[in-house]
Amino acid sequence: MKRMHMRRAIVPGLLLAGLLTAAVAGSRAEQQRRSVAVQSMGVAENLYLVSGGGGHTAMLVTDDHGVVLVDTKNPGWGPAIFDAVGAVTDEPITTIINTHQHGDHTGSNPHFSEVVRIVAHENAGAGMAASEVFAGDNARFLPNETYRDTLSLFEGRDRIDLYHFGPAHTSGDTIVVFPALATAHVGDLFPRKSAPFIDRANGGSGVAYPDTLDSALAGIADVQRVMPGHAPPPTGSPVRGWTTWDDFREYAAFTRDLLDAARAAFEAGRSVDEAVAGLDLQPRYPDYDLSGTGRAVQAIYDELSQ
């Protein structure tokens, strides 16, 4: 028999944005107030965006498997996420999916002691195991299920598909697809419309980045809406007209144009500063923030020089 889950009353239009707070443990003098904003993704009432405190968290209220969280933000933000879930549903949080190992996406895993399933790519799991966040007793909040290429969780309307297409932001990036909702959480493979952060220390690759995104575009079908890693959502709820699969496609083209320009400058013997000064990307991508381009070009140069 299908279990009926209960949702709490929600203020229409604006879904508790900025009103959910939780105190961090410690003395009163050390306590800080932390808040998150909760918005419907606009595709169904059971998928929500929880923003603030690090990378975006996706909250899926399933029919038969409780609540699934995709990413848990920085350390100390677990109580705010927990309150956000409680504002929407009485269902328990049963599953966490981490899109990659960085602390602003995994740091509050240890808050969710009731979770029975923590899933990530095998490389992300290895990276998390080396983090101080998961030292000692917190090691039990490391992924207890990993995968290499693809993995599907649950069935029917609850189904979630996980994909890994190769190195890019890190060597363990996961795209989380909700097929029934034509929606994907892409983590920091597409953080926002800006130069990518290439974490070479954790297996990231600026050279492979565009190929990895192109493989994702070729390998994933029927996605319309995208939840990026950090891009600020529009004010109000539900989240309409935000980020689409076409935006993800454009980001793949942007990373290729960036790589091609950096490679040409490298082969011409130009310095990183000269390469950045010679970039002509802004006219093609007028709404992109290119302030971090130097860091990306440096990472590409470092990789090409090996």
Side-chain angles (χ1 to χ4, degrees), residues 49 51 55-56 99-100 102 104-105 163-177 182-200 202-221 223-234 239 241-268 270-305:
L49 166 72
S51 56
H56 290 322
T99 61
H100 60 290
H102 288 157
D104 60 331
H105 293 258
Y163 297 89
H164 173 75
F165 290 98
H169 174 58
T170 70
S171 65
D173 302 308
T174 288
I175 294 178
V176 182
V177 176
T183 302
H185 189 317
V186 298
D188 282 356
L189 281 173
F190 177 21
R192 57 170 59 88
K193 290 186 176 183
S194 62
F197 173 57
I198 303 160
D199 184 0
R200 296 189 65 248
N202 281 296
S205 171
V207 174
Y209 214 121
D211 288 339
T212 295
L213 296 190
D214 282 347
S215 294
L217 290 163
I220 299 175
V223 168
Q224 299 173 8
R225 189 178 298 271
V226 168
M227 190 180 294
H230 292 269
V239 179
W242 185 30
T243 309
T244 67
W245 196 240
D246 283 341
D247 291 319
F248 186 68
R249 188 181 307 279
E250 179 187 73
Y251 194 70
F254 169 75
T255 61
R256 186 166 300 282
D257 286 345
L258 175 63
L259 171 62
D260 289 347
R263 192 196 301 271
F266 177 83
E267 292 175 351
R270 301 189 186 101
S271 69
V272 169
D273 289 342
E274 290 171 335
V276 172
L279 289 175
D280 190 28
L281 297 177
Q282 199 75 72
R284 282 174 281 173
Y285 304 96
D287 55 346
Y288 275 55
D289 175 7
L290 300 183
S291 60
T293 305
R295 180 181 61 192
V297 171
Q298 181 66 66
I300 292 170
Y301 265 50
D302 291 344
E303 192 170 352
L304 290 173
S305 64

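Remark: the backbone N or O of D273 is not paired with any side-chain donor or acceptor of Q298 at under 3.5 angstrom. Remark: the backbone N or O of D199 is not paired with any side-chain donor or acceptor of H169 at under 3.5 angstrom. Under a 3.5 Å cut-off, the side chain of T174 and the backbone N or O of V176 do not form any donor-acceptor pair.
When all heavy atoms of P228 and H185 are compared, the pair lying nearest together is O-CE1, 4.5 Å. For the pair T243 and D247, the tightest heavy-atom approach, listed with the atom from each and the gap, is CA-OD2, 3.4 Å. Heavy-atom minimum distance, P233 versus H56: CD-CE1, 4.0 Å. Here the closest heavy-atom approach between residue P167 and residue G203 is recorded as CB-O, 3.5 Å. For the residue pair L259 and P210, the shortest heavy atom distance occurs at CD2-CG, 3.7 Å. Looking at every heavy atom in both residues, A264 comes nearest to R270 through O-NH1, 4.1 Å.
Taking the ring-ring contact (aromatic ring centres under 6.0 Å, His included) definition, one finds that F248 meets it with W245, sequence neighbours left out. Evaluation of the side chain to side chain contact (heavy atoms under 4.5 Å, CB included) rule for A275 yields A265, V297, Y301 as partners, not counting sequence neighbours. Every residue two or more places apart in sequence or in another chain that forms a ring-ring contact (aromatic ring centres under 6.0 Å, His included) with H105 is listed here: H100, H230. In terms of the salt bridge (Lys or Arg N to Asp or Glu O under 4.0 Å) criterion, D289 has no residue partners (sequence neighbours excluded). Every residue two or more places apart in sequence or in another chain was checked for a side chain to side chain donor-acceptor pair (under 3.5 Å) with T255, and none qualifies. For Y251, the ring-ring contact (aromatic ring centres under 6.0 Å, His included) partners two or more places apart in sequence, or in a different chain, are F190, F254. Legend: residues meeting side chain to side chain contact (heavy atoms under 4.5 Å, CB included) with H164, ordered by chain and number and at least two apart, are H121, Y147. With sequence neighbours excluded, the residues that form a side chain to side chain contact (heavy atoms under 4.5 Å, CB included) with Q224 are A182. D287 pairs by the salt bridge (Lys or Arg N to Asp or Glu O under 4.0 Å) definition with K193, not counting sequence neighbours. Residues that satisfy the salt bridge (Lys or Arg N to Asp or Glu O under 4.0 Å) test with D257, not counting sequence neighbours, are R284. With sequence neighbours left out, R225 forms a side chain to side chain contact (heavy atoms under 4.5 Å, CB included) with M41, V43, T183.
The distance from the CG atom of L217 to the CG atom of D246 is 9.5 Å, given to the nearest 0.5 Å. How far CG of L49 is from CE of M227: 5.0 Å, rounded to the nearest 0.5 Å.
The side-chain heavy atoms of V207 and L304, taken from C-beta on, include a pair separated by under 4.5 Å. Inter-residue side-chain proximity for I220 and I175 is flagged as met; some heavy-atom pair is nearer than 4.5 Å. With contacts defined as side-chain heavy-atom distances shorter than 4.5 Å, the pair Y288/E250 qualifies. The closest side-chain heavy-atom distance from N202 to H102 is below 4.5 Å. In this structure, I300 and F266 have side chains that are not in contact, with every pair of non-hydrogen atoms separated by 4.5 Å or more. Side-chain contact between T293 and L279 is present, with heavy atoms from C-beta onward closer than 4.5 Å. Put simply, the side chain of F165 does not reach to within 4.5 Å of the side chain of L189, judged on heavy atoms. Side-chain contact between P196 and L258 is present, with heavy atoms from C-beta onward closer than 4.5 Å.
For residues 204-214, the pairs satisfying salt bridge (Lys or Arg N to Asp or Glu O under 4.0 Å) are D211-R256, D214-R256, with sequence neighbours left out.
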